[in-house]
Asks: 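I'd like to ask some things about the structure below.
Counting starts at 1 for both ligands and their atoms, following the listed order.
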Amino acid sequence: MIKRINLLSEETIIKIAAGEIIENPSSIIKELVENSIDANSETINIEIGNNGKDYIKVRDDGIGFKREDLKLAFKRHTTSKISNIKDLDEALTLGFRGEALSSIANVSNVVVITKTKEDSVGTLVKINHNGDIISMEDIVTNNGTTIICKDLFDNIPVRKKYLESKNYEVNKTNDIITRLSLSHTDISFEYIKDDKLVLKTNRNAEQINNIYSVLGKNVAENLLEFSCNEESFSVKGFISNNNLYKSNRNNQFIFVNNRSITDNGISRGIEKQYNSIIPLNRYPVFLLYINIDSELIDVNIHPKKDVIKFLNIEEIINTLSMEVHNKLFKNLKIFEVQTKNKDSKNIFNKYYTNDSDNFISNSDNIIKFKDLSYENNFVNDEVNEIYTDDKREDNNSQVVTPSENVLVENDFEDIFFEKEKSERKILVNGYRHIGNLFLQYILLEDNVEKSLYILDHHAAHERINYEKLIKDYEKNNIPTQNLISGFLVELTNNEFDLVISIKDKLNSVGIEIEEFGDNSIIIRSIPAYIENIDPERLIRDIIDSSNKLEHSIYDIDPYTIMKKACSASIKTGDNVSKLDVVKLIEMLDKCNMPFTCPHGRPTLVKITKNQLDKEFFRIQNEG
Ligand code: ADP
Ligand code: MG
């Protein structure tokens with residue numbers, strides 16, 4: 001049967017248009033809260049039921065509506081934000097289209113309670129789907145506006161059904177409220193979900209306290225702060241230290257002139273600085289508050305999509321990368337194991353599980369950061385002493401003394417590091433070697449700070465070898481060992497092409513290869529002091545890394561190859577009891593990034609006695 005073309009009814013046209021802006025409950029919340037922000041509010045209270053499907057209520061203490069304005073506000077294309085055509089451009093770029101309220105009325109039953117400070121009595125109106133007022137009454141109320149939307153999408157059953165199958169709504173709403181409350185520290189936000197307080201911030205709190213309120217204790221405690229003032233822009237930044245990372249990018253925030261945006265260039269630039277400091281496929285947390293001359297940005301490229309164009313993007317990325325690198329590097333610290341993770345992954349979770357009052361930071365309750373930073377470890381010189389048997393009477397453990405079986409050359413230290421000996425220590429208080437575990441871990445006790453350290457010797461060796469390789473590489477002088485008769489590796493066509501294309505790079509790090517017949521290569525040499533290397537595995541690891549996500553962004557470079565060389569060198573399960581622990585830790589001390597292997601896994605983790613005592617219920621968990 002041939003379908004005929006029909007003219008849609010006016011009602012349907014409006015519904016379709018509304019759907020473009022108001023796709024789901026979270027977009028209603030966004031529009032309402034943004035309106036409250038525009039109304040100069042100091043406090044905004046958001047309440048939702050059943051993810052917004054039952055009701056959404058946004059209350060503010062802003063300027064309110066005049067009665068006569070209410071008649072117009074819910075009609076299409078009505079706004080107080082564009083008064084003449086000159087404003088239009090600017091208003092549109094800021095997202096003022098005068099459509100939000102009419103669209104919201106189209107898809108829900110709206111009640112407004114409002115009062116301006118000039119009016120002595122407030123007004124309550126009910127609005128129908130066309131944006132007309134269907135009833136108006138006086139009401140006693142505070143200055144400001146409350147908008148309640150009920151029965152969302154009841155008049156559009158198809159959409160309603162579709163909505164119910166979406167569970168990302170919850171995250172979307174959380175994300176919107178998170179971003180708005182992080183970028184408006186001059187407003188107190190309260191978010192209540194199904195009668196539970198989920199988030200609360202206090203206006204004019206210190207920025208870090210605002211972050212604490214929104215993203216939680218664990219995030220706030222592991223952020224490093226920096227700021228920079230350039231000629232054309234300034235940034236206040238909070239970036240995660242090497243102990244804090246996430247499996248997604250949800251905790252990366254960029255605010256430009258108080259608006260949340262996304263920018264892949266900036267994000268990747270920052271992520272790159274965490275390369276080899278945090279594990280692969282993990283992402284740093286950061287909040288960047290950028291202020292920039294509006295002449296230098298173009299917000300028009302994506303009015304709704306939160307993407308803007310910076311005219312000086314290179315300068316911004318370079319500056320940020322440098323700041324992040326410096327800050328991060330100076331504050332590397334040992335991974336601390338938290339066995340009881342009270343601060344859950346869910347950013348809002350603390351409010352579900354705890355009496356909210358314990359967690360609401362107020363402005364005079366400044367967070368005290370534990371001063372464990374690496375930077376500060378240099379200061380303490382007196383305690384730089386390593387415990388040994390003869391220094392401790394109560395000691396029944398053996399201290400490993402240097403033997404011929406150490407896995408790293410004895411003269412290694414001298415070639416490697418020109419730095420002053422004992423310039424800094426990763427274990428400032430010294431340590432006692434209490435034993436080994438699973439042929440893999442080395443257990444160390446710090447009796448001053450009362451902590452247990454667990455060292456992964458394989459990861460530590462990777463780090464040490466890697467930094468030695470880098471040093472030699474940068475001096476253009478990697479000693480090599482020749483493989484007497486060469487080592488033949490058969491490859492597929494693609495693998496062969498890849499290996500040949502990076503031949504020079506391989507060469508620059510001491511791996512010499514030659515083509516041999518159709519799809520085979522001969523490995524002639526490998527870096528000298530990389531122990532127990534399997535040349536074939538090394539080449540295969542390098543090939544694999546090019547296929548994996550890990551190097552899709554950064555091409556295979558000599559550093560990638562060196563990382564692979566180091567991980568191919570020592571197998572887990574090498575006899576840890578034969579290691580010279582003292583020497584190993586000395587060499588780790590001299591590394592630039594001692595706390596992670598080249599792939600970002602920890603070399604050392606710390607468990608405090610306090611943590612253990614909690615585990616054994618010797619002391620009560622707080623909270
Ligand atoms: P826009 O925000 O693009 O102007 P909206 O449809 O969102 O369009 O809002 C229409 C008008 O209603 C606004 O321009 C503003 O004057 C008024 N308004 C909306 N929300 C509030 C509020 N919470 N307090 C005071 N006035 C408001
Ligand atoms: Mg609006």
Side-chain angles (χ1 to χ4, degrees), residues 14-15 17-23 25-48 56-108 110-119 122-133 136 139 141-149 176-177 179-181 183-184 186-191 258-260 299-300 303-304 306:
I14 288 172
K15 275 185 197 170
E20 280 168 19
I21 308 167
I22 303 303
E23 295 156 334
S26 58
S27 42
I28 296 187
I29 295 166
K30 181 166 189 278
E31 294 294 340
L32 292 178
V33 176
E34 282 180 345
N35 279 346
S36 292
I37 293 171
D38 294 339
N40 301 331
S41 305
E42 294 184 350
T43 306
I44 299 175
N45 177 293
I46 305 139
E47 272 179 59
I48 67 171
I56 292 169
K57 180 172 158 190
V58 175
R59 191 181 75 215
D60 68 47
D61 59 358
I63 55 174
F65 287 83
K66 288 200 196 101
R67 256 185 204 194
E68 59 269 31
D69 286 350
L70 276 171
K71 297 195 182 90
L72 271 181
F74 288 84
K75 303 304 273 182
R76 295 196 74 198
H77 307 301
T78 56
T79 173
S80 61
K81 296 163 195 168
I82 310 172
S83 50
N84 60 48
I85 202 72
K86 197 176 127 280
D87 293 344
L88 186 63
D89 218 29
E90 203 191 321
L92 287 181
T93 59
L94 292 172
F96 303 139
R97 283 168 170 72
E99 289 176 319
L101 290 185
S102 73
S103 303
I104 292 167
N106 287 155
V107 300
S108 66
V110 175
V111 173
V112 184
I113 299 165
T114 189
K115 182 172 114 51
T116 66
K117 68 173 190 295
E118 291 78 24
D119 293 332
T123 308
L124 182 153
V125 290
K126 291 186 178 144
I127 316 280
N128 70 11
H129 291 318
N130 294 325
D132 300 319
I133 292 177
M136 183 182 282
I139 186 170
T141 182
N142 295 331
N143 294 341
T145 304
T146 303
I147 296 185
I148 305 157
C149 309
I176 286 166
I177 295 173
R179 284 171 195 277
L180 289 171
S181 49
S183 54
H184 294 90
D186 54 336
I187 299 173
S188 300
F189 285 88
E190 195 174 75
Y191 173 33
N258 284 340
R259 283 164 58 89
S260 173
V299 293
N300 259 325
K304 280 274 153 186
D306 306 334

Asks: List in chain and number order the residues that pass side chain to side chain contact (heavy atoms under 4.5 Å, CB included) with I139, two or more places apart in sequence or in another chain; answer none if no residue qualifies.
Replies: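 Checked I139 against side chain to side chain contact (heavy atoms under 4.5 Å, CB included); matches are I113, L124, T141.
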
Asks: With a 4.0 Å heavy-atom cut-off (strictly under), which part of T145 contacts ligand 1: side chain, backbone, both or neither?
Replies: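 Side chain only.
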
Asks: Any nitrogen or oxygen of L101, side chain or backbone, less than 3.5 Å from one on ligand 1?
Replies: yes

Asks: Would D132 and K75 pass as an ion pair if we require N to O under 4.0 Å?
Replies: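 A salt bridge is present here (some side-chain N lies under 4.0 Å from a carboxylate O).
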
Asks: Is it true that G64 lies under 4.0 Å from ligand 1, counting heavy atoms only?
Replies: yes

Asks: N/O of D38 under 3.5 Å from N/O of ligand 1, yes or no?
Replies: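 Such a contact does not occur with ligand 1.
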
Asks: Considering only heavy atoms, which of I147, L32, N35, V58 lies nearest to atom 20 (N) of ligand 1?
Replies: N35

Asks: Would you please say whether a donor-acceptor pair under 3.5 Å links the side chains of D119 and T116?
Replies: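 Yes, a side-chain donor-acceptor pair sits under 3.5 Å.
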
Asks: With side chain to side chain donor-acceptor pair (under 3.5 Å) as the criterion, how do K117 and N143 come out once you've worked through the C-alpha distance, each side chain's angles and the decisive distance to 0.1 Å?
Replies: CA-CA 6 Å; K117 68 173 190 295; N143 294 341; over 6 Å; no

Asks: Is it the side chain, the backbone, both or neither of A100 that has a heavy atom closer than 4.0 Å to ligand 1?
Replies: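 Within the 4.0 Å criterion, A100 contacts ligand 1 through backbone and side-chain atoms alike.
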
Asks: Report the residues that fulfil side chain to side chain contact (heavy atoms under 4.5 Å, CB included) with N40, sequence neighbours left out, ordered by chain and then residue number.
Replies: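 Result, side chain to side chain contact (heavy atoms under 4.5 Å, CB included) vs N40: I63.
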
